[in-house]
Asks: 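Got a structure for you, written out below as structure tokens; questions coming shortly.
The structure displayed is predicted, hence computed values, not measured ones. Counting starts at 1 for both ligands and their atoms, following the listed order.
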Amino acid sequence: MQVESLPTTAYANQKPGTSGLRKKVSVFKENKGYLENFIQAIFDTITDRNASSLVVGGDGRFFNLQAIQIIIKIAIANGFKKVIVGQNGILSTPAASALIRKRKAVGGIILSASHNPGGPDGDFGIKFNTANGGPAPEKVTDRIFTYSKNIFRYLYIDSDDIDLKKTGGHRIEKTQIEVIDSVHDYADLMEELFDFTKIKSLLSSGNFTMVFDAMHAVTGPYAMEILVNRLGAPKETVCNGKPLPDFGGGHPDPNLVHAKELAEKMFSDNGPDFGAASDGDGDRNMIMGHNCFVSPSDSLAIITANATCIPGYSNGLQGVARSMPTSQAVDKVAEKTGIPCFETPTGWKFFGNLLDAGKITICGEESFGTGSNHIREKDGLWAVLFWLNLIAEKKQSVMEIVREHWQEYGRNYYTRYDYEEVDATRAEELMQHMRSNLSEIKNGDYHGVTISQCDDFEYTDPVDASVSSKQGIRILFEDGSRIIYRLSGTGTTGATLRVYLEKYESDPARLNMHTQETLSRLARFANEIADIPGRLKRTKPDIIT
Ligand code: G1P
Ligand code: ZN
């Protein structure tokens, strides 16, 4: 077999966004060399390929398997020493991160568009993670983008497809291909962090019921192995557990809108005590109790406040971090427990340096993402197991744990409005208009409410001093309330404006109010300040979380 250097034409639009290169399936399938170019551009940034292992896997969405076969052939042609592939091409994002670290791989390619819909008309995506197991930082993605714009050839070997159905080894030319069980190592890692004996007795006590909604996405097999096989939960605990290439036509995003079936169960009479869901590639989580939704920002704060009662974190936390739009609930915990708290731009890649440098142990985002230094990605099932361990330890319901937390730290009422598929130019103009009028906004008349700060968030990484600017308009009020605006970096159609609203309340008598009502005044300000109806021609958001 011969390595071929195939001529190709560069594309100008392969700039990775918040989380890799994400496009419609048709863009990858119908544009000659679109996938190949991007993969070769990634490989061109890796210099010692013949001494390196590469991890490859994806969330099982439509085009996953075809893409993996092509990637393996390009990897062989590029002379990688080893390619480690998940069985049937499956690896959840957290499992891939764990594997890169465990096998000391040079990096990994994860095929996923996360929570975006799949199928022939859905989305596809490619993420490159570096040797620490985390999403490539901007300096790497910038290089990949530069290579992709100048590429004129990619390397390829026309070998037979690899059998990914069975685990085991294959050798092609100088490359060893190892097909591994997608679940086993990840489940072992979870067992090291959490008290499986305690969780097991909770699940088999007979007075605790739970349901996990895998949304027909990648976590089905992981949840079956961990919750059912290892922790003894009944099989019915895992629903929508069969991964499907189009996620059963659903939108695999664990929130109250898209995981509606679960939400209805949790709010029904005699509903389960605990409910959770995860997204397309397994890195997001939604946590619920009976009649109770735990906002992701609160979940991060509660996890932080209780970390030392979990075996993997019993020595305490070095620090915590949250993305800028995430509520400041965790800041209150950090302050009280005397640990550092960092505020980063949106996207998990910004946590990597802090985790690597040992500055933080736990981090999270309002977008249903929580995780720790065990890997370099957010981790859906990790959060579920954390909560189960916590419930087993505290012998309290989810609602009791949440309410007790608010009593101690106060409550950060929080919501996010998404205006989806809006005209991209209009959305850019809206942001630009605010950027140019920061001081006018700050000095505006808000019926007696004072804005203490108004800026466009800029972050200087405390580890490598790299600067990321234009990360979102922040309006901070004197009483600690906040309005934040930013444009999504993960969509594939038009633009999505995200508006984040937050209000802090410490009065014990005002901790159980209705979230949307409590935030309605801020919502009005947010609408007026950005002139959303005028500029976007939208009178209400598409999604409220
Ligand atoms: C969204 C979330 C962000 C998360 C990312 C990947 O990005 O807001 O917190 O890290 O997905 O899961 P966005 O579309 O806002 O750029
Ligand atoms: Zn995801």
Asks: Checking the N or O distance criterion of under 3.5 Å, is ligand 1 in contact with E365?
Replies: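 There is such a contact, yes.
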Asks: Using distance alone, decide if ligand 1 has a nitrogen or oxygen within less than 3.5 Å of any nitrogen or oxygen in R498.
Replies: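 Between R498 and ligand 1 (N or O atoms, distance only) the closest approach is under 3.5 Å.
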Asks: Restricting to N, O or S, what is the name of the atom of D279 that lies nearest the Zn ion (ligand 2)?
Replies: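 Within D279, restricted to N, O or S, the Zn ion (ligand 2) is closest to atom OD2.
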Asks: What pairs of residues pass the side-chain hydrogen bond (donor to acceptor under 3.5 Å, both in side chains) test when at least one of them lies in residues 55-67, not counting sequence neighbours?
Replies: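 Residue pairs with at least one partner in residues 55-67: D59-R61, D59-S112.
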Asks: Decide whether an N or O pair under 3.5 Å exists between K378 and ligand 1.
Replies: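 The answer is yes, given that K378 and ligand 1 share an N or O pair closer than 3.5 Å.
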Asks: In terms of side-chain geometry, is the basic nitrogen of E377 or K349 positioned less than 4.0 Å from the acidic oxygen of its partner?
Replies: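 Between K349 and E377 there is no salt bridge, as every charged N stays at least 4.0 Å from the carboxylate O atoms.
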Asks: Kindly indicate whether a cation-pi arrangement holds for K332 with Y504, taking the cut-offs as under 6.0 Å to the six-membered ring centre and within 45° of the axis.
Replies: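 That pair qualifies as a cation-pi contact.
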Asks: Is the Zn ion (ligand 2) less than 2.8 Å from an N/O/S atom of S19, whether that atom is in the backbone or a side chain?
Replies: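 Given the 2.8 Å cut-off, S19 does not count as a ligand of the Zn ion (ligand 2).
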Asks: Which single N/O/S atom of D283 lies at minimum distance from the Zn ion (ligand 2)?
Replies: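 The D283 atom nearest to the Zn ion (ligand 2), restricting to N, O or S, is OD1.
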Asks: Do D142 and K15 meet the salt-bridge criterion of a basic N to acidic O distance under 4.0 Å?
Replies: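 Judged by the 4.0 Å cut-off on N to carboxylate O distance, K15 and D142 do form a salt bridge.
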Asks: Rounded to the nearest 0.5 Å, how far does NE2 of H216 lie from SG of C239?
Replies: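 The SG atom of C239 sits 8.5 Å away from the NE2 atom of H216.
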Asks: Select one of side chain, backbone, both or neither to describe which atoms of S488 lie under 4.0 Å from any atom of ligand 1, heavy atoms only.
Replies: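 For S488, backbone and side-chain atoms both sit under 4.0 Å from ligand 1.
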Asks: Are Y186 and Y222 close enough that their ring centres sit under 6.0 Å apart?
Replies: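 That pair passes the under 6.0 Å test.
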Asks: Any cation-pi pair here, K149 with F145, using under 6.0 Å and within 45°?
Replies: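 The answer is yes, since K149 meets both limits relative to F145.
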Asks: Can an N, O or S atom be found in D59 less than 2.8 Å away from the Zn ion (ligand 2)?
Replies: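 It does not: D59 brings no N, O or S atom closer than 2.8 Å to the Zn ion (ligand 2).
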Asks: Name whichever N, O or S atom of D281 ends up nearest to the Zn ion (ligand 2).
Replies: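 Closest N, O or S atom of D281 to the Zn ion (ligand 2): OD1.
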Asks: Between K24 and D123, does at least one N-O distance fall below 4.0 Å, as a salt bridge requires?
Replies: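 Between D123 and K24 there is a salt bridge, with a charged N closer than 4.0 Å to a carboxylate O.
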Asks: Could you list which atoms of ligand 1 come closer than 4.0 Å to a heavy atom of G489?
Replies: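 Going through ligand 1 atom by atom, the ones under 4.0 Å from G489 are 13 (P), 14 (O), 16 (O).
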Asks: If you take the nearest heavy atom of each of R416, M324, K349, R284, which one is closest to atom 5 (C) of ligand 1?
Replies: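 Looking at heavy atoms only, the winner is R284.
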Asks: For ligand 1, is there an N or O atom under 3.5 Å from any N or O atom of S367?
Replies: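 For ligand 1, there is an N or O atom that lies under 3.5 Å from one belonging to S367.
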Asks: Thinking salt bridges, do E365 and R416 make one under a 4.0 Å N-O criterion?
Replies: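 No, this pair does not count.
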Asks: Non-hydrogen atoms of G347 versus ligand 1: any pair closer than 4.0 Å?
Replies: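 Yes, that is the case, since the closest heavy atom of the residue is under 4.0 Å from the ligand.
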Asks: Would H251 and F247 count as a close aromatic pair, with their ring centres under 6.0 Å?
Replies: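 No, they do not, as the ring centres are separated by 6.0 Å or more.
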Asks: Which protein non-hydrogen atom lies closest to atom 7 (O) of ligand 1, naming both residue and atom, and how far is it?
Replies: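 Result: T490 CG2, 3.5 Å.
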Asks: Please report whether ligand 1 has a polar contact with T346, defined as an N or O pair separated by less than 3.5 Å (distance criterion only).
Replies: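 In this structure, T346 places no N or O atom under 3.5 Å from an N or O of ligand 1.
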Asks: Does any N or O of ligand 1 fall below 3.5 Å from an N or O anywhere on R486, backbone included?
Replies: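 Checking ligand 1 against R486, an N or O pair does fall under 3.5 Å apart.
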